[in-house]
Amino acid sequence: MKLAISIILSAAFVLTGCRQAHTPVATPPAAQQPQFSAEGDAAAQSITGDYLGAQISTISGDEYEGRGPATPGDERTRKYLAGELQALGYEPGGVAGTWEQAFDIVGIDAKMPKQWSFRKDGKTLSLKWHDQYIAASGVQSPGGAIKDAEVVFVGYGIQAPEFQWDDFKGVDLKGKVLLMMNNDPDWDPALFAGNTRLYYGRWGYKYESAARAGAAGAIIIHTTASAGYPFQVVQSSWSGEQFQLPAGPEPRIQAQGWATEDAAKQLAALGGQDLAQLMESAKSRNFTPVPLGVMTSLQFNNTVKKKVTANVAGLLRGSDPKLAHQVVVFTAHHDHLGIGEPDKTGDRIYNGALDNGAGVAQILAVAKAFKALPTPPRRSVLILFVAAEEQGLLGSAWYAQHPTFPAGNIAANFNVDGGNVWGRSSDVTYIGKGKSSLDTVIEAFAKRQDRIVNPDAVPDRGFFYRSDQFSFAKIGVPAFYFHTPEHFRGKPAGFAAQVIKDWEENRYHQPSDEFDPNWNFDGMIEDAQLVFLAGLAVANDDALPTWAAGDEFEAARKSALGAVTK
């Protein structure tokens with residue numbers, strides 16, 4: 001879920017897509033009220049807690065070995081999901097009549113030094129691997145190296161012409177190591193959407209930005225507030241073998257690094273600077289890069305292996321001859337972190353029960369509900385379990401680059417990442433609210449459940465860019481996913497915040513993310529039913545969903561629609 005090695009996106013996307021990253025439009029386009037149906041309500045009843053629990057328990061079992069990409073556990077997972085889709089009555093939705101869309105990934109196991117040393121004027125600073133710094137290889141070669149490179153503080157590391165913002169100011173950064181802040185400017189609603197994090201604030205963008213500048217490496221300053229998770233999540237997610245799509249002609253940096261805030265303070269101090277003052281100075285359009293005069297070298301060896309994983313797809317063909325060529329795509333990532341470093345109990349299997357066994361179970365339940373209808377919906381339905389999300393949304397990125405339906409014929413993407421195992425809620429947290437006409441559909445069906453629809457409660461964390469719906473949005477497809485609700489029925493105020501805190505600190509990307517037979521599935525049932533019923537309405541509607549006017553993905557949608565009408 002949402003943290004791993006960056007996909008190095010093409011410069012074309014960064015320079016066109018991100019330039020459109022304006023402040024989100026407050027009012028999405030008007031849309032026709034969705035049609036309710038007794039058949040849909042009846043089919044939704046096929047979604048049960050017993051079914052959800054059985055699926056989560058199965059796919060997060062030790063025999064699936066944490067579902068690491070391109071492992072035996074991954075292969076067993078894909079085979080299991082294909083079997084479930086076939087048993088439900090779906091036809092293969094992959095490539096050439098198969099259940100899979102296979103693609104190559106490159107596994108890189110970087111052996112970083114135990115100490116990363118920095119020097120200036122006879123003084124040295126050594127940052128300890130794992131405790132103070134984490135780094136991964138940015139290159140797909142037997143090794144990587146940074147040699148006698150100066151460290152330069154570059155603020156947010158953002159170049160955004162539409163906001164008249166350029167942290168680089170034409171400074172030659174070739175061969176440098178860039179020290180940069182997480183997040184994006186957040187103090188003005190008219191600037192980078194205020195506290196709503198855009199793609200500019202994501203670590204993936206920052207490494208890409210450093211690569212375009214010709215830097216040798218980059219170090220992102222971690223704080224729990226700016227990242228949205230503690231440093232232990234970085235430690236668990238960036239250790240061991242990491243995966244990328246095969247490299248293309250795009251620029252790359254040698255090392256993609258993180259440092260704790262305390263380590264960054266020491267690094268700045270070695271350069272004669274105060275980190276707090278540096279970060280404050282970065283909160284201005286007039287900021288210019290600050291060379292620290294600190295030199296560093298880093299050399300590491302990589303074990304590089306080319307491997308294969310796959311998305312798993314099942315197709316239910318639409319019943320309307322005029323609309324069956326269009327599709328509503330329902331996604332959940334089937335991967336997790338596999339077998340890794342042991343926790344304090346010695347457990348090495350990262351089972352990924354909530355992340356994302358819960359999402360897989362809900363999408364299987366949605367698939368089951370569609371087959372419970374007396375007649376398929378007018379548009380086709382694609383059930384898509386994508387691979388290697390934890391490695392940077394690789395499976396959904398591959399599908400977006402090689403879709404089985406043209407992007408202009410994909411009506412919408414309903415993505416499920418995680419799940420509610422704490423009971424019924426009086427609200428829905430909808431990541432993507434205000435961005436598209438899907439709002440009307442979600443709100444209408446949530447109202448029937450006596451629930452209100454809330455926007456992202458922590459917009460500064462950039463959740464929209466952290467799961468597979470982002471890959472679909474980039475090719476213009478209206479997309480969203482649900483996050484943990486804020487208000488649980490019958491629970492005291494603060495209950496939601498407490499369960500989220502417990503999840504992030506004690507289970508997120510840890511072996512302890514295991515199935516618990518004491519979970520309460522009542523809320524997950526409602527969420528899965530909401531996804532099904534809203535998706536059914538989209539699949540039956542005359543019109544396609546649209547992005548809000550001026551949204552960052554609107555231009556991609558217009559281009560995709562134009563391509564299918566030529």
Check: Counting only heavy atoms not in R317, do more than 12 sit closer than 6.0 Å to its CZ atom?
Finding: no

Next item on the list: Applying side-chain contact (heavy atoms from CB on, under 4.5 Å), run through H402 and W398 and close with a yes or a no.
Entry: CA-CA 6 Å; H402 306 87; W398 182 261; 3.3 Å; yes

Item checked: Non-hydrogen side-chain atoms of V538 and P545 separated by less than 4.5 Å -> yes

Notebook entry, point to check: Between F163 and F192, does the ring centre distance come in under 6.0 Å?
Noted result: yes

Check: Side chains of S237 and H509: do they bring a donor and an acceptor to under 3.5 Å?
Finding: yes

Item checked: salt bridge (Lys or Arg N to Asp or Glu O under 4.0 Å) between D541 and R379, intermediate numbers included -> CA-CA 9 Å; D541 196 359; R379 288 187 176 88; over 6 Å; no

Note to self: Before we go on, tell me: are the rings of F495 and W422 under 6.0 Å apart, centre to centre?
What the structure shows: no

Check: Do W238 and W203 have ring centroids that are under 6.0 Å from one another?
Finding: yes

Item checked: Lys/Arg N to Asp/Glu carboxylate O, D527 vs R451, below 4.0 Å -> yes

Checklist line | Within 6.0 angstrom of K558 NZ, more than 12 heavy atoms from elsewhere | finding: no

Next item on the list: Starting from the C-alpha separation in whole Å, work towards a yes-or-no answer on side-chain contact (heavy atoms from CB on, under 4.5 Å) for V428 and F445.
Entry: CA-CA 11 Å; V428 176; F445 284 98; over 6 Å; no

Check: Just checking, is any N or O donor in the side chain of D439 or Y430 under 3.5 Å from an acceptor N or O on the other one?
Finding: yes

Check: With distance as the sole criterion, is a donor-acceptor pair present between the side chains of S226 and T223 under 3.5 Å?
Finding: yes

Notebook entry, point to check: Between Q326 and V564, is any pair of side-chain heavy atoms under 4.5 Å apart?
Noted result: no

Next item on the list: Nearest 0.5 Å please: distance from the CD1 atom of I525 over to the CD atom of Q362.
Entry: 10.0 Å

Checklist line | Spacing of CE belonging to M181 relative to CG belonging to D167, to within rounding of 0.5 Å | finding: 9.0 Å

Next item on the list: Evaluate the ring planes of H483 and F463, with Trp represented by its six-membered ring, and classify them as parallel (under 30°), tilted (30 to 60°) or perpendicular (over 60°).
Entry: tilted

Check: Would you say the side chains of H222 and N182 form a donor-acceptor pair under 3.5 Å?
Finding: no

Margin query: L85 vs F385, test: side-chain contact (heavy atoms from CB on, under 4.5 Å). Steps then yes/no.
Written below: CA-CA 11 Å; L85 289 170; F385 297 108; 4.1 Å; yes

Checklist line | S467 versus N415, side-chain donor and acceptor atoms under 3.5 Å | finding: yes

Notebook entry, point to check: Do the non-hydrogen side-chain atoms of M524 and W519 ever get within less than 4.5 Å of each other?
Noted result: no

Margin query: Less than 4.5 Å apart, side chain to side chain, heavy atoms only: is that true for S396 and T331?
Written below: no

Item checked: From CA spacing to verdict: side-chain contact (heavy atoms from CB on, under 4.5 Å), F168, S209 -> CA-CA 10 Å; F168 295 164; S209 177; 3.3 Å; yes

Notebook entry, point to check: Taking the side chain as C-beta and beyond, is there a heavy-atom pair between Y199 and F470 under 4.5 Å?
Noted result: yes

Notebook entry, point to check: If you take all heavy atoms of F521 and G53, which pair is closest and at what distance?
Noted result: CZ-CA, 3.6 Å

Next item on the list: Can you spot which of D502, D355, D513, D516 makes a salt bridge (Lys or Arg N to Asp or Glu O under 4.0 Å) with R507?
Entry: D502

Next item on the list: Measure the shortest side-chain to side-chain distance between L364 and Y51 over non-hydrogen atoms and say whether it is less than 4.5 angstrom.
Entry: yes

Notebook entry, point to check: Parallel, tilted or perpendicular for F153 and F287, by the 30°/60° rule?
Noted result: perpendicular

Notebook entry, point to check: Knowing that exactly one of Y399, F330, F414 qualifies, which makes a ring-ring contact (aromatic ring centres under 6.0 Å, His included) with F472?
Noted result: Y399

Next item on the list: Check step by step if side-chain hydrogen bond (donor to acceptor under 3.5 Å, both in side chains) holds for D551 and S436.
Entry: CA-CA 8 Å; D551 187 85; S436 78; over 6 Å; no

Item checked: Under 3.5 Å side-chain donor-acceptor pair for N454 and D427 -> yes

Item checked: Basic-acidic side-chain contact under 4.0 Å: D522, R489 -> no

Next item on the list: Starting at OG1 of T484, measure out to CD1 of I500 and round the result to the nearest 0.5 Å.
Entry: 4.5 Å

Item checked: Pairwise side-chain contact, M180 with I219, heavy-atom cut-off 4.5 Å (strictly under) -> no

Note to self: Could you check whether K491 makes a cation-pi contact with F488, meaning its NZ or CZ is under 6.0 Å from the centre of the six-membered ring and within 45° of the ring axis?
What the structure shows: no

Check: Got a second to check how far I431's CD1 is from D456's CG, nearest 0.5 Å?
Finding: 3.5 Å

Check: If you measure from CD1 on I410 to CD1 on I475, what distance do you get to the nearest 0.5 Å?
Finding: 4.5 Å

